[in-house]
Amino acid sequence: MKQGHAWLLPTLSLMVFSTGVLAKADQNPVADTVIASQQAALHANAVMKGFGPQSPRNIDEATGLSSGQFSAAPPYQRMNLCNIHFHSGAEHSGGEFTQYAGNGDGKGHYSGYLYSGRLSAAERRPIAQSVCSGKQGGLQSGDTIEVHFVHTTAEVQPGPTLGACFNDANSNPQLRVEAQVYVLVNDADALDFGHLTQVEQVGAYYQVVNLPNNLGDPVAYAGSTSGPDFNERGSPFQVSWRVHPEVAKVNVRSLGRWCQGNRFNEDHGHGVRNLITNPALLSPIL
């Protein structure tokens, strides 16, 4: 790594993984040079190319030099909830999720950030069968997920994919994401994911009526959509983010039940985008 390009790679740290998707035994992480190459490509393809600030980021670091600012979206209570999805591993870092899971496969899997607090042996005890299994495996007790509650100013009903956030009458709505990080535990008394994601119409807007409000003061910043598809190119979407710094414990089995059937057609965790550390691609946090 060349001097003067410290933003190319996240800080590496050692972590004892759980038995779920983040610990797939035959997964050999790609070299640091692969991630550095992706970050360099993103710099070449996005800086000074008209893209706004990007996501995800370290919410504990306020520095940002991106000149592509935009007006913040309204509070989520005055927007429609349009989509809920989750990522295996937190896309953001900071707060109570600072343990880097490693480089993964270079395509967003087996990477991200993990809950840095302690769990009891009972909470970490694996359940008989992993939940929300996809091509990259399933999730288990001890795994970390980041949930994105996506809101839009368009008049839409909640549905699958980010396409549900747009309609023919409004193809350029304002977007807001309430992001919360959960750690999955083997505890029937922990929070129920189905309850947390319950959607009802409140007045004129679709809302998540049981969204936790006790996970610390959220960090608000201007960013973009995320996901590993944008590891080497800028996301053109402008998104107002609020990322909560504290982690909630969620019953792993309840997430499994949700994955078996929900209005968003979500049945597995999405991959994570590389953390954006290049100041030229970050907005300042005030």
Side-chain angles (χ1 to χ4, degrees), residues 7 10-13 15 17-18 22 53-64 66 72-73 75-77 79 81 84-102 111-120 123-124 139 142-151 175-185 187 190-193 195-197 208 210-227 239-252 255 269-270 272-279 281-286:
W7 49 267
T11 301
L12 303 182
S13 57
M15 181 65 184
F17 299 106
S18 72
L22 297 176
Q54 300 291 293
S55 299
R57 68 180 298 157
N58 184 332
I59 60 172
D60 291 339
E61 296 182 0
T63 302
S66 172
Y76 73 86
Q77 294 90 342
M79 305 177 72
L81 183 282
I84 299 174
H85 64 272
F86 70 93
H87 296 260
S88 296
E91 286 203 294
H92 290 83
S93 71
E96 293 183 338
F97 36 98
T98 58
Q99 286 290 121
Y100 185 50
S111 189
Y113 289 81
L114 310 178
Y115 176 52
S116 48
R118 293 184 177 275
L119 299 176
S120 69
E123 290 173 325
R124 289 185 283 105
L139 291 162
D143 280 338
T144 300
I145 64 173
E146 180 173 319
V147 186
H148 291 168
F149 300 90
V150 189
H151 298 76
L175 300 173
R176 177 175 290 283
V177 175
E178 292 286 315
Q180 298 193 345
V181 176
Y182 303 147
V183 62
L184 306 178
V185 294
D187 183 356
L191 296 175
D192 183 282
F193 194 80
H195 179 75
L196 293 176
T197 56
V208 179
N210 299 315
L211 195 65
N213 60 5
N214 61 346
L215 299 182
D217 293 333
V219 174
Y221 76 95
S224 69
T225 53
S226 57
V239 179
S240 297
W241 284 85
R242 292 208 321 162
V243 184
H244 295 252
E246 297 178 15
V247 174
K249 296 178 180 179
V250 168
N251 177 0
V252 62
L255 177 64
H270 296 267
V272 300
R273 187 185 190 184
N274 294 335
L275 197 72
I276 305 298
T277 55
N278 182 350
L281 294 173
L282 292 171
S283 65
I285 294 177
L286 304 177

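Values below: every heavy atom of this structure, side chains too, minus hydrogens, waters and symmetry copies. Since the structure is predicted, the reported quantities are computational estimates derived from the model, not experimental observations.
No side-chain heavy atom of Pro53 sits under 4.5 Å from any side-chain heavy atom of Leu282. Between Asp217 and Pro245 there is no side-chain heavy-atom pair separated by less than 4.5 Å. Residues Thr225 and Val239 form a side-chain contact, since some pair of their non-hydrogen atoms from C-beta on lies under 4.5 Å apart. When side chains are defined from C-beta on, Val150 does not count as touching Leu81, because their heavy atoms never get closer than 4.5 Å. The closest side-chain heavy-atom distance from Ser111 to Tyr100 is below 4.5 Å. Taking 4.5 Å as the limit, some side-chain heavy atom of Val219 sits within range of a side-chain heavy atom of Ile285. Residues Leu275 and Tyr113 form a side-chain contact, since some pair of their non-hydrogen atoms from C-beta on lies under 4.5 Å apart.
In this structure, the side chain to side chain contact (heavy atoms under 4.5 Å, CB included) partners of Ala220, at least two apart in sequence or on a different chain, are Arg242. Ser55 pairs by the side-chain hydrogen bond (donor to acceptor under 3.5 Å, both in side chains) definition with Tyr221, Trp241, not counting sequence neighbours. Scanning for side-chain hydrogen bond (donor to acceptor under 3.5 Å, both in side chains) contacts around Asn210 gives His195, Gln198, with sequence neighbours left out.
No donor-acceptor pair under 3.5 Å is formed between the side chain of Glu146 and the backbone N or O of Ala179. Although no hydrogens or angles enter the test, the distance criterion places no donor-acceptor pair under 3.5 Å between the side chain of Thr144 and the main chain of Ala90. The closest donor-acceptor contact from the side chain of Glu123 to the backbone of Ser120 lies under 3.5 Å.
A distance of 8.5 Å separates CG in Leu175 from OG in Ser240, rounded to the nearest 0.5 Å. Annotation: the span from His148 atom NE2 to Ile84 atom CD1 amounts to 12.0 Å, rounded to 0.5 Å. If you take CG on Leu255 and CG on Leu191, they are separated by 12.5 Å, rounding to the nearest 0.5 Å. For the atom pair CD (Gln180) and NE2 (His244), the distance works out to 4.5 Å, reported to the nearest 0.5 Å. Between the CD atom of Gln77 and the CG atom of Leu211 there is a distance of 9.0 Å, given to the nearest 0.5 Å. Between Leu184 atom CG and Ile145 atom CD1 the span is 5.0 Å, to the nearest 0.5 Å.
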- Message: Please determine whether side chain to side chain contact (heavy atoms under 4.5 Å, CB included) holds for the pair Val272 and Ser88, giving the CA-CA distance in whole Å, both sets of side-chain angles, and the decisive distance to 0.1 Å.
- Response: CA-CA 7 Å; Val272 300; Ser88 296; over 6 Å; no

- Query: Phe149 and Tyr76: ring pair (Phe, Tyr, Trp, His ring centres under 6.0 Å), yes or no, with the steps?
  - Reply: CA-CA 9 Å; Phe149 300 90; Tyr76 73 86; 9.0 Å; no

- Task: Would you please test Val250 and Val185 for side chain to side chain contact (heavy atoms under 4.5 Å, CB included) and show each step?
- Result: CA-CA 6 Å; Val250 168; Val185 294; over 6 Å; no

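Between Ser283 and Ser66 the shortest heavy-atom distance is N-CB, 4.3 Å. Between Phe86 and Gly269, the closest heavy-atom pair is CE1-CA, 3.3 Å. Nearest approach of Arg176 to Ala73, heavy atoms of both residues: NH2-O, 2.6 Å. In this structure, Leu215 and Val247 approach most closely via the heavy-atom pair CD2-C, 4.2 Å. Contact between Gly94 and Asp60 at its shortest, heavy atoms only, is CA-OD2, 3.2 Å.
Side-chain contact of His270 with His87: a donor-acceptor pair under 3.5 Å is absent, judged by distance alone. His151 and Glu178 form no side-chain donor-acceptor contact under 3.5 Å, judged by distance and modelled atom types alone.
Under the 30°/60° scheme for interplanar angles, the aromatic rings of Phe193 and Tyr182 are found to stand perpendicular.
Of the residues listed (Leu114, Val183, Val243), the one engaging Phe97 in a side-chain contact (heavy atoms from CB on, under 4.5 Å) is Val243, and it is the only one. Checking each of Glu91, Arg57, Gln54 against Ser226 for a side chain to side chain donor-acceptor pair (under 3.5 Å) leaves exactly one that passes, namely Glu91.
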